[in-house]
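Presented below is the structure to which this report refers.
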Amino acid sequence: MSAKFFEKLSSNLNQLLKDSDEYNVIIKVGRAPNIHTFKYSKLSLNKYIYDGTITLENINTSVVFELLIASNEFGLEELIKHLQLFLLENNSSWLHLNFSRVCRTSLKNDSLKNLQEFCANIIAKHPSIIFDLDEFLTLTENILIFILKLDNLQMDEGKIWDYIINWGIAQNPSLPPNPDQWSNEHFMALKSSLQNFLPLIRYFQISGEDIFEKAISTSNVLPSHKNLITTLPLRDISDKGKTEIESNRAIELRKGGDAYRIKGKYEESLIDLTKSLEIEANNANALSYCGATYYMMNRYEESLADLNKSLEIEPDNTFALKCRGAIYYWMDRYEESLADLSKALEIKPNDAFALKYRGAAYYQMDRYEESLADYNKSLEIEPDNAFALKYRGEAYRMTCRYEESLADLNQSLKIEPNDANEESLADFNKSLEIEPDNVIALKYRGATYLMMGRYEESLADLNHPLEIMPNIAWTLNRRGNTYCLMGKYKESLVDLNKSLEIEPNYEDALGFRGETYRKMGKYKESLADLDRSLKINPNDKWILNQRQITYRLLDK
């Protein structure tokens, strides 16, 4: 099939002969010395267009769709209309099989009216094609608003409400799995996510027992959805080698696997997700759910393998980006963590989960002001998030803002008290097998008390984490320093020796042990530790000062 476009297309092409800062394709037209150049970053149109003529025979349908996207970006109106009609008339099977992608693309581009109408008609008559997709929870807000505005949507309003609630919950991964544990702040976070949908729900078609009373007052009076009697037609999917039964089976397995993951039943989750991937090996959502499950089981390498593959298929999947960013953080790969979390926040700027983990990554990179900025924004969204409060408290401590540090750490301990068990801690990506949340808060508050000279309080806070996890070098180092400043030198040496057995080149522990030896009158041992510390960091002024003091005492 060939089509020819002349005046308007030529005029549009002339507009393209301009320089662009971002490109990876250069198209040159003419002969020397009269050569015109234009640059494009996504699709080389000179593969298809020459002299105003386009030929679509023997072109893969996915390539035709990409050409439509590129034509839309260039504003080639005749070509946009022609390509839409070509797809609708000749490739309806492909459009059905790639419905999610077609829907996402067309509904964000007003110039693709033909495809928008195609999508609207199918969704209205057969809403399960979109509501039952495992990608449903990752649909953008504008697509769902478009769907809710359809007056002839063939679905029970109560079911629509349930789907929208589940979508809202998915946008807030820090919500506890059990709604009975939700605070007022949790409900407010959900309400914030759903605020643009509430006026579009036809509440008068739902039993009053099934909706929230407050949501009713926000609804405009909209007409009832018009009921149509239709049956879902069979689709030709023989070219994919799968039956409709297999496709539905894969969807159900993915949903079951994700439900098991949310409930903490990780082995059951993997069984269902693995079976789903046996049917559809390249399903991005199944891969991302697998990656999240492996992460909760501390199987990081397997988790990354699945998340990497998922993001190759869908690079802008915020769930996969956030999950991989959190994994990179716990693997101490902070640059990679920062890249993933920043990309997720470009797509969804007010995501509290991504903000608090990026804040944690900034903290580990000693970028404290950026860390505090992210924690502040995260806590504006979720004021009672213990994870964010604990780590903001530590960032305050590192910037010598001790009163603010104590306020945050005390507040975090009110939310997750000292006797909190594993089941009560709801943070999505925190592994309590590595370090329980309450332990982190206590050790950081102990370090803050230490910096303020409140040694008894510091000691009280540091003792409990070491009862639970006795081999953490950081905590041993802080308690050893506390003992030293309290004049308990023998206890100090026990802790600092153990800290250095775990991490032999721990600069701070060497410095504190050097100070302890000096106060005990063991000047040679003190100098040995201080010299070792200076080999690690030659410009440490505190260590240089300690060594100078020790030399003077040795000379006496």
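Values reported hereafter were calculated over all heavy atoms of this structure, with side chains retained and with hydrogens, waters and symmetry mates removed. Only a predicted model underlies this, so the values are computations on that prediction, with no experimental measurement involved. Counting from 1, the numbers follow the sequence of the chain as shown.
A side-chain donor-acceptor contact under 3.5 Å links N172 and S193. For the residue pair R392 / N376, a side-chain donor-acceptor distance below 3.5 Å is found, with atom types taken as modelled. In this model, no donor atom of one side chain and acceptor atom of the other lie less than 3.5 Å apart for N109 and S111. Y260 and D258 are not linked by any side-chain donor-acceptor pair at a separation below 3.5 angstrom, with hydrogens and angles left out of the test.
Once rounded to the nearest 0.5 Å, the distance linking CG of L389 with OH of Y396 reads 10.0 Å. Between the OH atom in Y357 and the OH atom in Y391 there is a gap of 7.5 Å [rounded to 0.5 Å]. The CD1 atom of I145 lies 12.5 Å from the CG atom of L150; values are rounded to the nearest 0.5 Å. Rounding to the nearest 0.5 Å places CD1 of I381 at 10.5 Å from NZ of K356. We find the CG-CD distance between N72 and Q84 to be 8.5 Å, quoted to the nearest 0.5 Å.
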Point to revise | ring pair (Phe, Tyr, Trp, His ring centres under 6.0 Å) between W474 and Y506, worked out | key: CA-CA 9 Å; W474 189 94; Y506 195 166; 8.7 Å; no
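Taking each heavy atom of S128 and M155 in turn, the nearest pair found is N-CE, 4.5 Å. The two residues S371 and G359 come nearest to each other via the heavy atoms OG-O, 2.7 Å. Here the closest non-hydrogen pair linking S269 and T293 is OG-OG1, 3.1 Å. Between L115 and S106 the shortest heavy-atom distance is CB-CB, 3.7 Å. Minimum heavy-atom separation, P470 to L476: O-CD1, 3.6 Å.
Ring geometry for Y363 against Y368 counts as tilted: the plane angle lies between 30° and 60°, on a 0 to 90° scale. Ring orientation note: the planes of W182 and F187 are nearly perpendicular, at an angle over 60° on the 30°/60° scale. Note on ring orientation: taking the six-membered ring where Trp is involved, the planes of W94 and F65 are tilted (angle from 30° to 60°).
Partner of R324 under the side-chain hydrogen bond (donor to acceptor under 3.5 Å, both in side chains) criterion, out of N308, D306, N317: N308 alone. Partner of T138 under the side-chain hydrogen bond (donor to acceptor under 3.5 Å, both in side chains) criterion, chosen from R104, E314, Q171: R104. F118 pairs with exactly one of L87, L95, I123 by the side chain to side chain contact (heavy atoms under 4.5 Å, CB included) rule, that one being L95.
In summary, K348 and D351 engage in a salt bridge, as defined by a charged side-chain N under 4.0 Å from a carboxylate O. Between K255 and D272 there is no salt bridge, since no side-chain nitrogen of the basic residue lies less than 4.0 Å from a carboxylate oxygen of the acidic one. Classification of E370 and R358 as a salt-bridged pair fails, no side-chain N sitting under 4.0 Å from a carboxylate O.
At most 12 non-hydrogen atoms from other residues, nucleotides or ligands lie less than 6.0 angstrom from CD of E117.
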